[in-house]
Amino acid sequence: MKVLVAVKRVVDYNVKVRVAADNSGVDLTNVKMAMNPFCEIAVEEAVRLKEKGVATEIVAVAVGPKEAQEQIRTALALGADRGILVEAADAQPLAVAKLLKAIVDQEKPELVIMGKQAIDGDNNQTGQMLAALAGMGQGTFASEVNVADGSVKVTREIDGGLQTVDLKLPAVVTTDLRLNEPRYASLPNIMKAKKKPLDIKSPGDFGVDVSPLVKTLKVEPPAERQAGVKVADVAELVDKLKNEAKVI
Ligand code: AMP
């Protein structure tokens with residue numbers, strides 16, 4: 001079974017991002033970039049399926065600038081077999097989904113594993129759009145994935161509980177936080193990953209127009225929280241709630 005994994009290059013989750021001076025977006029100057037954490041979980045799940053003998057080949061795909069090769073190499077070091085980079089910076093979810101659909105048509109994977117959302121745009125759209133474009137079933141927010149007999153059972157984290165769905169393969173699964181704990185790449189595997197095949201493509205190779213459909217008007221940081229105060233006793237607390245905060 002071939003598994004396709006989509007990995008996005010985003011600002012490292014440890015970085016405290018700053019808004020650009022002109023409020024056009026996030027300032028990316030000298031900022032550490034990394035693989036989107038939910039995509040790490042997707043790669044880990046694919047590698048576990050390979051270790052169980054369920055998957056036979058893992059193809060890691062990224063749409064991004066040429067530097068996104070780094071994230072594909074990380075996926076290769078973690079256990080993916082080969083990579084495809086479609087060079088297009090700032091492609092929006094629909095454009096990414098169209099490119100992934102074209103790659104699905106070429107590669108014919110039985111399972112596509114993606115993150116539930118990218119921590120930069122917080123869109124939570126690409127997996128759903130790909131499933132719709134490719135006519136595949138979707139199991140989003142997966143916390144458990146079991147492949148057997150031409151289908152995949154996905155336990156989904158939904159509001160207030162868990163839902164288990166059975167999808168006919170080929171299907172799209174998007175990962176939630178509790179699906180697994182990704183491993184770290186070992187140094188020998190990082191070295192081996194340098195020799196694994198990585199194809200570089202352009203959106204034109206797939207006939208996909210990646211021009212933006214959504215325009216960001218303004219990005220603002222969250223309001224600063226005011227410092228708290230310590231009160232001496234309950235009477236002072238009640239007084240402040242009544243006369244300053246005016247909430248009682
Ligand atoms: P989003 O819909 O942007 O929140 O992203 C959800 C998931 O779609 C990500 O975790 C990735 O698996 C995939 N994805 C989104 N954008 C890209 C991209 N530019 N390259 C590769 N995968 C992507």
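This chain uses plain numbering: 1 for the first residue, then up along the sequence. Order of listing sets the numbers, starting from 1, for every ligand and every atom in it. Only this structure's heavy atoms are used, side chains among them; waters, hydrogens and symmetry mates stay out. All figures in this text were calculated on a predicted structure; none of them were measured in a lab.
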Top protein contact for atom 7 (C) of ligand 1, by heavy-atom distance: Gly115 O, 3.2 Å
Flag side-chain contact, heavy atom, 4.5 Å: Arg48 against Val145: no
Closest to atom 16 (N) of ligand 1 (judged by heavy-atom distance), picking from Lys8, Gln117, Gln125: Lys8
Inspect the contact between Glu157 and Arg178 and indicate whether a charged nitrogen and a carboxylate oxygen are less than 4.0 angstrom apart. yes
For ligand 1, does Asn123 get within less than 4.0 Å through its side chain, its backbone, both, or neither, judged by non-hydrogen atoms? both
Over 12 foreign heavy atoms within 6.0 Å of CG, Asp12: yes
Close approach, Ala42 and ligand 1, non-hydrogen under 4.0 angstrom: no
Using a 4.0 Å cutoff against the non-hydrogen atoms of Asn124, which atoms of ligand 1 qualify? 1 (P), 2 (O), 4 (O)
Against ligand 1, does Leu100 come closer than 4.0 Å with any heavy atom? no
Are the side chains of Glu44 and Thr175 in touch, meaning some heavy atoms are under 4.5 Å apart? no
Heteroatom proximity flag, Ala118 to ligand 1, N/O under 3.5 Å: yes
Under the criterion side-chain contact (heavy atoms from CB on, under 4.5 Å), I'd like the reasoning laid out for Val47 against Arg183: C-alpha separation, chi angles, the key distance, then a yes or no. CA-CA 10 Å; Val47 173; Arg183 70 195 68 188; 3.7 Å; yes
Is the shortest N/O to N/O distance between Gly64 and ligand 1 below 3.5 Å? no
Considering only non-hydrogen protein atoms, determine which one is nearest to atom 15 (C) of ligand 1 and report residue, atom name and distance to 0.1 Å. Thr126 OG1, 3.5 Å
Please state which part of Thr174 comes within less than 4.0 Å of ligand 1, counting heavy atoms only: side chain, backbone, both or neither. neither
Mind checking whether Leu111 and Val61 sit in one hydrophobic cluster, side chains of I, L, V, M, F, W, Y counted as touching below 4.5 Å? no
I'd like to know if Arg82 pairs up with Glu57 as an ion pair, taking the criterion as any Lys NZ or Arg NE/NH1/NH2 lying under 4.0 Å from an Asp or Glu carboxylate oxygen. yes
Residue-level breakdown please: for Val5 versus ligand 1, do any non-hydrogen atoms fall below 4.0 Å on the side chain, on the backbone, on both, or on neither? neither
Please report the closest heavy-atom contact between Leu169 and Met1, naming both atoms and the distance. CD1-SD, 4.2 Å
Please list, in number order, the atoms of ligand 1 under 4.0 Å from a heavy atom of Met114. 8 (O), 12 (O), 13 (C)
Do Val173 and Met35 sit in one hydrophobic cluster, given that two such residues count as connected whenever their side-chain heavy atoms are within less than 4.5 Å of each other, even indirectly? yes
Under 4.0 Å from a heavy atom of Cys39: give me the atoms of ligand 1 that qualify, with their elements. 9 (C), 10 (O), 11 (C), 12 (O)
Take every heavy atom of Gly121, measure it against each atom of ligand 1, and state whether any distance is under 4.0 Å. no
Step-by-step side-chain contact (heavy atoms from CB on, under 4.5 Å) determination, Val210 to Leu99: CA-CA 9 Å; Val210 291; Leu99 289 166; 4.0 Å; yes
Go through the steps to decide whether Val104 and Met136 satisfy the test side-chain contact (heavy atoms from CB on, under 4.5 Å), and finish with yes or no. CA-CA 11 Å; Val104 162; Met136 298 197 280; 4.2 Å; yes
Counting only nitrogen or oxygen atoms and a 3.5 angstrom limit, does Asp122 reach ligand 1? no
Between Val96 and ligand 1, which part of the residue brings a heavy atom under 4.0 Å of the ligand: side chain, backbone, both or neither? side chain
Considering non-hydrogen atoms of the protein only, which is the closest contact for atom 22 (N) of ligand 1, and what is the distance? Ala6 CB, 3.5 Å
Any atoms of ligand 1 less than 4.0 Å from a non-hydrogen atom of Ala62? List them with their elements. 20 (N), 21 (C)
